[in-house]
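Take a look at the structure below.
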Amino acid sequence: MWIQVVLLVGIGVVALLLNRSTADARHQAIRRLMLLGFVLAAAVSVMVPQWLSAVANRLGVGRGADLLLYALVIAFLSYISTSHRRMNQLSAKITALTRELTLTEARLEDERRAGPGA
């Protein structure tokens, strides 16, 4: 039962991330803290595998491996949403740069055609 609530909250967080910009330092700091937490949890899980099973049992999941799978699904969805948003931002920047380059080249071509004395 608890795992369903945790997973639904995780999915909700991913949905919120889809609608928010991550360009500022606050979001970058949050991502770094989450990464640090993940690394620490992974290290503890490797050193004390029973810990993951105990956490899974408290959350209503039968095995630690299942809990790990659920967490990886949430992490994967987060990665996909972040990558998609970043790709859209880069695409918009490339489009703006391409337009500016095209307009600059057109201006230079007009100046060349007008000649040096014009």
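Here, residue 1 is the first one in the sequence, and each next residue gets the next number. Any value given below was found using the heavy atoms of this structure, including those in side chains, with hydrogens, waters and symmetry copies removed.
- Between the side chain of Ser81 and the main chain of Ser78, a donor-acceptor pair closer than 3.5 Å is present.
- Each salt bridge (Lys or Arg N to Asp or Glu O under 4.0 Å) pair with one or both residues in residues 68-82, not counting sequence neighbours, would appear here, but there are none.
- Note that the OH atom of Tyr70 and the CD1 atom of Ile74 stand 11.0 Å from one another [nearest 0.5 Å].
- The NE2 atom of His84 sits 13.5 Å away from atom OH of Tyr79, with the distance rounded to the nearest 0.5 Å.
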> So Phe76 and Ile80, side-chain contact (heavy atoms from CB on, under 4.5 Å) or not? Walk me through it.
Replying inline: CA-CA 6 Å; Phe76 179 68; Ile80 287 175; 3.0 Å; yes
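- A single hydrophobic cluster is seen to contain both Leu72 and Leu67, as judged by linkage of ILVMFWY side chains at heavy-atom distances under 4.5 Å, directly or through other members.
- Going from atom CD1 of Ile94 over to atom CD of Gln89 covers 12.0 Å, rounded to the nearest 0.5 Å.
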Side-chain donor/acceptor pairs under 3.5 Å, residues 47-65, sequence neighbours excluded:
| residue | atom | partner | partner atom | Å |
| --- | --- | --- | --- | --- |
| Asn57 | ND2 | Ser53 | O | 3.2 |
| Arg63 | NE | Asp66 | OD2 | 3.4 |
| Arg63 | NH2 | Asp66 | OD1 | 3.0 |

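- Applying the side chain to side chain donor-acceptor pair (under 3.5 Å) test to pairs two or more places apart or on separate chains, those with a residue in residues 96-111 are Glu109-Arg112, Glu109-Arg113.
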